Amino acid sequence: MSDYVSYEVQGPVGVITLNNPPVNALSVNKGVLQGILDAIKEGEHDHHVSGFLLIGGGRNFSGGADITEFGKPHEPGLATLPDLLAYMDTVTKPIFAALSGPTMGGGLELALACHYRVASANTLLALPEVKLGILPGAGGTQRLPRIIGAERALDFMVNGDPIKADEGLELGIIDEIVKGDLLQAALAWSKRALREGKTVRRASQLTAALEQNTDEFIEAARQSVGKRWRGYPAPLAIVECIKAALTLPFDKALGVERAEFGKLVKSNESKALRHLFFSERQAAKISDVPADTQLIPIEKAAVIGAGTMGGGITMNFANAGIPVTMVEASQEALDRGLGIIRKNYAATVSKGRLSQEEMDKRMALITPSIDFKSISKADIVIEAVYEEMDVKKEVFEKIDAIAKPGAILATNTSTLDVNEIAASTSRPESVIGLHFFSPANVMRLLEVVRGANTAKNVLATSMKLGKTIGKVPVCVGVCDGFVGNRMIHTYLKEAGYLLEEGALPKQVDGAIEAFGFAMGPFRMSDLAGLDIGWAIRKRQAATRPADARYVRIADLICEKGRFGQKTGAGYYRYEKGSRAAIPDEEIEALIVAESREKGIERRDISDEEIVERLLYSLVNEAAAILDEGIAQRASDIDVIYAFGYGFPRYRGGPMFYADLVGLDKVLKSIRHFAENPLGVHWKPAKLLEKLAADGGKFNA
Ligand code: NAD
């Protein structure tokens, strides 16, 4: 038997225990699945054994497939999950499963192939394959609808999110939730079931229930799933598997699942999603910071500024159960900030996504204060005051004087030099940038900005803390805009050039949204507000090089008092209370007039050109960022764009996408853009030229 599976007969029950910590991954090559198979075979021939109980040793049943085996060949002669489950379908003694903790993916498919399932209350159930652009490929799409009905199974698999044990009980995945020691309780349950004469109950022999007409149900599902998951093939493939579950015998339906799975695995969308899955994990690693770096314990936090960002950042700590002091310059601003936090939580409570009790608990973790001294016990202080260097320096001098030795001093600046801020303190090694995105309580991306003097333990602790508060932390270096905003800057500039040359906002937005972006550049600008950029540009006017191409359209729009959604008009106009962008003839006329004024002859620009120019502006800048070492690796940039900028996940991020197109092709297009007299700003990045010449890739 495998080292990772133990087998012991307890009365009439053969107990099979998975012992592959930390999550009991169903490794083929370690012989975990073969071990289960061998144990079942042993018990089948043992006349003392009337049934089996499958249980996870440690804290859960099984988290699913072993991800380190993805894409790798299996050792010959060892059972795979489909092999094991097919065999289980021939066993004539009942198989009981005792579930606990995360029971996910292949782990749940294994449980579904058992005949009865009991669970402890801490069990979490999910078939999350859809998130990797695939589907449950070991019979899950066939057994689940046969157990809980087609409609519920479809929802569960398309969604992919975990549900708790009580919901699993209600759905019918779990037969009973048991209390106390799981092994003892499940063993007692199994023995009683055997005494009561419970026999095998194979999901494969059940019929998938549906209360409506199959064709109508499937057609409606294709429509709604297709719309909700535009661009993602896996949810639609799951619909086809559900159809098979409703219309075909089990064996034939399994064939449909296999075929759909095979198509998905090879799809670019699945490759992109898997790339992001692994990239997110990779992003947590920093090449010169050892994994065992001693971390600074973070038990108390402080946030300076209770504005848009400070309030959201404070919520992140309260959500994670970390006491947080929120400091403002005036009582009025403090009350306002706290009021917004309370309103945000109350909205979540009214939607039923948070209990009143939990809201009260979180509010109680927040200590509002107008006294800077109240930060003296914090292990981390995050500054989120106005974006002005003088203000930041003044605030950091104060923090430096009060914060305890060893505390992390973080700034949420989006454009200012973290090194200059650090230099205003006596302890630059403790200073770091933590660049949250707005709304800070919602957006997952966190750029962790490593200053020239930032200590390794400060960096490692910040990365870990990012995870603790539910973010996706990515380490970046200091430069104007760091990674995400520096790239978006070139992208927005390119979008402006497209307007001058012949496109209109709706065409530019439409083209990139059809590519999959959540929002095109002009809708995004209207949402963010046009006034902040306008103010910055006015400040920079004196230092702007005279030969730089400057698009005035945004300024002209601001001069009309149109600052975007908040004023009901920007690049588009908005009906009162609505976020729907309505193309505005006034702005279109303004754009056409501006082209004329500049002597630019407007031309028809294809959607293809729009998409290429916008995407390659990102890619070219990213190549420079990589070359300068501002980002550690190409995949980090993909993570930043997928989690912070609405880049379609199924496209894998700008670097993954460029690799897929082929860097030689990307370079050729960029050179072609540069030939246009209006394209002089297109200068291929050196790294792109080098990789294209060598046939290389960003994500090698
Ligand atoms: P904001 O104007 O909404 O909030 C700033 C708050 O800081 C105000 O409430 C102000 O009263 C307070 N404040 C100013 N001086 C202070 C002092 N000396 N002591 C205590 N409080 C003080 O601004 P915001 O949008 O929250 O931005 C804050 C920071 O976050 C800026 O550095 C900004 O660049 C950065 N940032 C903003 C965004 C965004 O989308 N808004 C995104 C990422 C980063």
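Order of appearance sets the numbers: ligands from 1, and atoms from 1 within every ligand. Counting begins at 1 with the first residue of the sequence. From a predicted model like this one, the values you see are computed outputs, not experimental measurements.
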Which residue and heavy atom of the protein sit nearest atom 5 (C) of ligand 1, plus the separation: Ala384 O, 3.7 Å
Protein contact of atom 25 (O) of ligand 1 - nearest heavy atom, named by residue and atom, plus distance: Thr308 CB, 3.7 Å
Non-hydrogen side-chain atoms of Arg353 and Glu358 separated by less than 4.5 Å: no
Nearest-contact summary for atom 12 (C) of ligand 1 - protein heavy atom, Å: Glu328 OE2, 3.1 Å
For Ser438, atoms of ligand 1 separated by under 4.0 Å from a heavy atom: 39 (C), 40 (O)
Nearest neighbour in protein (non-hydrogen) for atom 43 (C) of ligand 1: Phe436 O, 3.1 Å
Donor-acceptor contact below 3.5 Å, side chain Asn419 vs main chain Ala452: yes
Thr411 (side chain) donor-acceptor with Thr413 (main chain) under 3.5 angstrom: yes
Ligand 1 N/O within reach of Glu383 N/O, cut-off under 3.5 Å: no
Contact check: Arg336 vs ligand 1, nitrogen or oxygen atoms, below 3.5 angstrom: no
Residue, atom name and distance, where the atom is the protein heavy atom closest to atom 4 (O) of ligand 1: Gly307 CA, 3.3 Å
Ligand 1 contact by Lys392, heavy-atom criterion under 4.0 angstrom: yes
Any side-chain donor near an acceptor of the partner, Asn485 and Tyr645, under 3.5 Å: yes
Backbone or side-chain N or O of Ser414 under 3.5 Å from ligand 1 N or O: yes
Shortest protein heavy-atom distance from atom 33 (C) of ligand 1, along with the residue and atom involved: Glu387 OE1, 3.6 Å
Shortest reach to atom 28 (C) of ligand 1 by a heavy atom, considering only Thr411, Leu416, Asn412, Val385: Val385
Expected output: side-chain Glu575 to main-chain Ala580 donor-acceptor under 3.5 Å: no
Atom 23 (O) of ligand 1 touched by protein heavy atom at under 4.0 Å: no
Proximal ligand 1 atoms for Thr413, defined as those under 4.0 Å from one of its heavy atoms: 32 (O)
Phe522 and Tyr572 aromatic centres sub-6.0 Å: no
Donor-acceptor contact below 3.5 Å, side chain Arg450 vs main chain Gly433: no
Nearest neighbour in protein (non-hydrogen) for atom 39 (C) of ligand 1: Met309 SD, 3.6 Å
Row check, Phe278 ring normal vs Arg274 NZ/CZ: under 6.0 Å, within 45°: no
Asn412 side chain vs Phe436 backbone, donor-acceptor pair below 3.5 Å: yes
Ligand-residue contact atoms, ligand 1 with Ile304, heavy atoms, under 4.0 Å: 19 (N), 20 (C)
Contact check, Tyr386 vs ligand 1, heavy-atom distance below 4.0 Å: yes
Distance filter under 4.0 Å to His435 heavy atoms, resulting ligand 1 atoms: 43 (C), 44 (C)
Parallel, tilted or perpendicular: ring planes of Tyr657 versus Phe515, cut at 30 and 60 degrees: perpendicular
Under 3.5 Å: donor-acceptor pair, side chain of Asp638, backbone of Met655: yes
Lys538 to Trp534 six-membered ring, cation-pi geometry met (6.0 Å, 45°): yes
Atom 20 (C) of ligand 1: nearest protein contact (heavy atom, Å): Ala329 N, 3.4 Å
